[in-house]
Undergrad: 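Can you keep this structure in mind? I'll have questions shortly.
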Amino acid sequence: MKTAIKWIFSTFLVILIIAVIGGWWIGPTWRSLLLDPPKDTDVLFWSQSQRDAGFLVVDQLSFLVKSREITPADNIRVLPKGEALVVNEDIDRFFDEQRLAGGLILHKGKIRFEKYALGHSQQGRWTSFSVAKSFTSSLVGIALKDGHIRSLKDPVSDYIAGLKGSVYDDVNIEQLLTMTSGVAWNEDYSDANSDVALFNNHQAEDGLPTIVSYMRGLSRAHPPGEKWHYSTGETNLIGILVERATGRTITDYLTKKIWQPFGMANKATWLLGADGNEISGCCIQASLQDFARYGLFMLEEGRINGESVFPQDWVNKATSKQVETFSSRRYYGYQWWIFDDGSYTARGIFGQTIFIDPSRELVVAFNGNWPTATDSNLDSKRLEFIDKIREAIDSE
């Protein structure tokens, strides 16, 4: 009996030691996911703790979602350290209130502030959500200069044959970029039956990409070009359009045209839908510094080795007021949010931001995990904080 008890105790001790060592080895992020794993890919309905961990490693959850790799550059664009920027704000409190995973201030190409939380780090990746829309827009500009797209006035269905005979016959590429197609779409992140929640699980017909099969069944709400209406589905169509026009995946096109030539430092990934196409309205996983480098790329009007990868005046058009939105202070360009003073921003749910102020040569990048997908109060406070950053720069 005593021998049996000793054996049981010894076995339990060994298992306990293995569990402790294993838990230490995999780290807190994976421990959290193992204790409370998400059941599906619908991050809109994950718990906050699942998001805290999942946003760091979502591209490694291959049992839930696949991704395609964006390879870093051999010659990295160095971001030198500048003098620390003194902002009239309690930074730690701001980080806590915003539930920020990372914040970076880039001024005249130098890092003036950089901080991480929620388990994030300088080499880690965080998911972009709709910040990816602005990357997708850039790929349209590059494809236009490369001659793969003839004109932004071309009908969308000229490039995506699966849309012929649908409401998109009357929609041109520019109207997709400005979200003025007039096609009905529900972007309610709290509604499990909204289009944005349903499209990725749609069963595609006729061998079409999932998003094409889904979008061609939608109806018209307004005439094309008449009214702005936010639609992630249409950015996903833009990704398919670029892929059809160039004959390359948008991951490969981004890698070869921006990521490597501009000197991005870290591997990134782009999540794929169930059909193997990139979810181009969402979901680039990258380091905070590389998100800031993309802001710098836009600030420098896409110039690589002295020449812009964009057509002449593309950046000006893409980042200018093309259409009014729901806000009197916020307009829309080509998949960019535009402000009255000429600054502009890429934005994603749960608090992702790349803010660019050309007049001050300023880029501000944030990764975060708000308690809800959207929060007008946290959004306003973030813009107020950015105003304080600009005041601090002006005071110098």
Side-chain angles (χ1 to χ4, degrees), residues 26-72 99-102 116-136 189 192 196-201 210-211 232 235-236 239 249-251 254-255 259 264-291 294 346-354 365-374:
I26 65 174
T29 298
W30 284 104
R31 275 202 305 274
S32 176
L33 284 173
L34 285 173
L35 290 171
D36 184 22
K39 303 300 188 296
D40 54 43
T41 59
D42 198 346
V43 297
L44 294 173
F45 302 100
W46 286 6
S47 69
Q48 187 156 289
S49 63
Q50 287 172 336
R51 296 195 309 270
D52 278 348
F55 290 177
L56 283 165
V57 296
V58 66
D59 55 0
Q60 299 174 56
L61 302 177
S62 57
F63 61 95
L64 287 179
V65 63
K66 306 296 184 187
S67 63
R68 199 165 275 138
E69 184 173 321
I70 303 167
T71 311
R99 297 206 80 255
L100 286 177
Y116 296 92
L118 301 183
H120 199 12
S121 65
Q122 195 174 88
Q123 284 73 42
R125 294 188 296 276
W126 194 268
T127 197
S128 70
F129 290 106
S130 289
V131 165
K133 289 180 169 68
S134 303
F135 286 79
T136 300
Y189 301 117
V196 75
L198 293 177
F199 77 89
N200 200 42
N201 295 318
T210 300
I211 191 63
T232 292
T235 313
N236 292 337
T249 68
I250 58 174
T251 296
L254 174 65
T255 301
W259 212 260
M264 304 303 188
N266 298 290
K267 167 187 162 181
T269 61
W270 208 324
L271 295 191
L272 307 178
D275 60 2
N277 290 299
E278 290 88 345
I279 308 172
S280 49
C282 173
C283 308
I284 291 173
Q285 286 64 233
S287 70
L288 183 62
Q289 284 199 4
D290 282 338
F291 281 129
Y294 175 63
R347 303 171 67 237
I349 55 174
F350 296 109
Q352 321 316 316
T353 300
I354 303 174
F366 291 124
N367 291 146
N369 182 16
W370 286 349
T372 55
T374 59

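Predicted, not measured: the structure shown is a model, and the values here were computed from it.
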Undergrad: Distance from Thr255 atom OG1 to Arg68 atom CZ, nearest 0.5 Å?
TA: 10.5 Å
Undergrad: Restricting to non-hydrogen atoms, name the atom on Trp259 and the atom on Ala286 that form the minimum distance, rounded to 0.1 Å.
TA: CH2-CB, 3.8 Å
Undergrad: From the options Thr136, Asp59, Asn277, select the one residue that forms a side-chain contact (heavy atoms from CB on, under 4.5 Å) with Trp270.
TA: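 When side-chain contact (heavy atoms from CB on, under 4.5 Å) is applied between Trp270 and each of Thr136, Asp59, Asn277, only Thr136 qualifies.
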Undergrad: Side chains of Tyr189 and Val196: does their closest heavy-atom pair fall under 4.5 Å?
TA: yes
Undergrad: CD of Gln60 to CZ of Phe63: how many Å apart, nearest 0.5 Å?
TA: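 Nearest 0.5 Å value for the CD-CZ distance: 11.0 Å.
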Undergrad: Any salt bridge linking Arg99 with Asp52? Criterion: basic side-chain nitrogen under 4.0 Å from a carboxylate oxygen.
TA: yes
Undergrad: Under a 3.5 Å distance rule, please check whether Glu69 uses its side chain to pair with a backbone N or O of Ser67 as donor and acceptor.
TA: no
Undergrad: Main chain of Met264, side chain of Asp290: is a donor-acceptor contact present, judged purely on distance under 3.5 Å?
TA: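 Looks like no, no N/O pair under 3.5 Å.
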Undergrad: Which atom names give the shortest non-hydrogen contact between Lys267 and Thr269, and what distance separates them?
TA: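 So the minimum-distance heavy-atom pair works out to CE-CG2, 4.0 Å.
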Undergrad: Over all heavy atoms of both residues, which pair between Ser280 and Ile250 is shortest? Give the atoms and the distance, please.
TA: CB-CD1, 3.4 Å
Undergrad: Hey, are the side chains of Phe291 and Phe135 touching, using non-hydrogen atoms and a 4.5 Å cut-off?
TA: yes
Undergrad: What's the shortest heavy-atom distance between His120 and Ala101, and which atoms?
TA: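 Nearest heavy atoms, His120 then Ala101: CB-O, 3.3 Å.
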Undergrad: If you compare all heavy atoms of Ala268 against all heavy atoms of Arg125, which two are closest, and at what distance to 0.1 Å?
TA: CA-CD, 3.9 Å
Undergrad: Going through the checks in order, is the side-chain contact (heavy atoms from CB on, under 4.5 Å) test met by Val65 and Leu272?
TA: CA-CA 7 Å; Val65 63; Leu272 307 178; 5.7 Å; no
Undergrad: Do you know the tightest heavy-atom contact between Ala132 and Gly281?
TA: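 For Ala132 and Gly281, the tightest heavy-atom pair comes out as CB-C, 4.5 Å.
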Undergrad: I need the Leu44 CG to Thr372 OG1 distance, nearest 0.5 Å.
TA: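 The OG1 atom of Thr372 is 11.0 Å from CG of Leu44, to the nearest 0.5 Å.
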Undergrad: Got a second to check how far Leu288's CG is from Phe366's CZ, nearest 0.5 Å?
TA: 9.0 Å
Undergrad: Is Ser130 reaching over with its side chain to a backbone N or O of Lys133, donor-acceptor style, under 3.5 angstrom?
TA: no
Undergrad: How long is the span from the OG atom in Ser134 to the CD1 atom in Ile284, to the nearest 0.5 Å?
TA: 9.5 Å
Undergrad: Is the distance between the ring centroids of Phe55 and Phe129 under 6.0 Å?
TA: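 Centroid separation for Phe55 and Phe129: below 6.0 Å.
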Undergrad: Using modelled atom types and a 3.5 Å cut-off, is there a donor and acceptor pairing between side-chain atoms of Trp370 and backbone atoms of Ile349?
TA: no
Undergrad: Measure the OH-CD distance between Tyr116 and Gln123 for me, rounded to the nearest 0.5 Å.
TA: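 The CD atom of Gln123 is 8.0 Å from OH of Tyr116, to the nearest 0.5 Å.
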Undergrad: With no hydrogens and no angle check, do the side chains of Thr249 and Thr251 hold a donor and an acceptor under 3.5 Å apart?
TA: no
Undergrad: If you define the side chain from C-beta out and look only at heavy atoms, does anything of Asn236 sit under 4.5 Å from Ile279?
TA: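 They are in contact (side-chain heavy atoms under 4.5 Å apart), so the answer is yes.
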Undergrad: Without swapping roles, check the side chain of Gln50 against the backbone of Pro37 for a donor-acceptor pair under 3.5 Å.
TA: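 Confirmed, Gln50 side chain pairs with Pro37 backbone.
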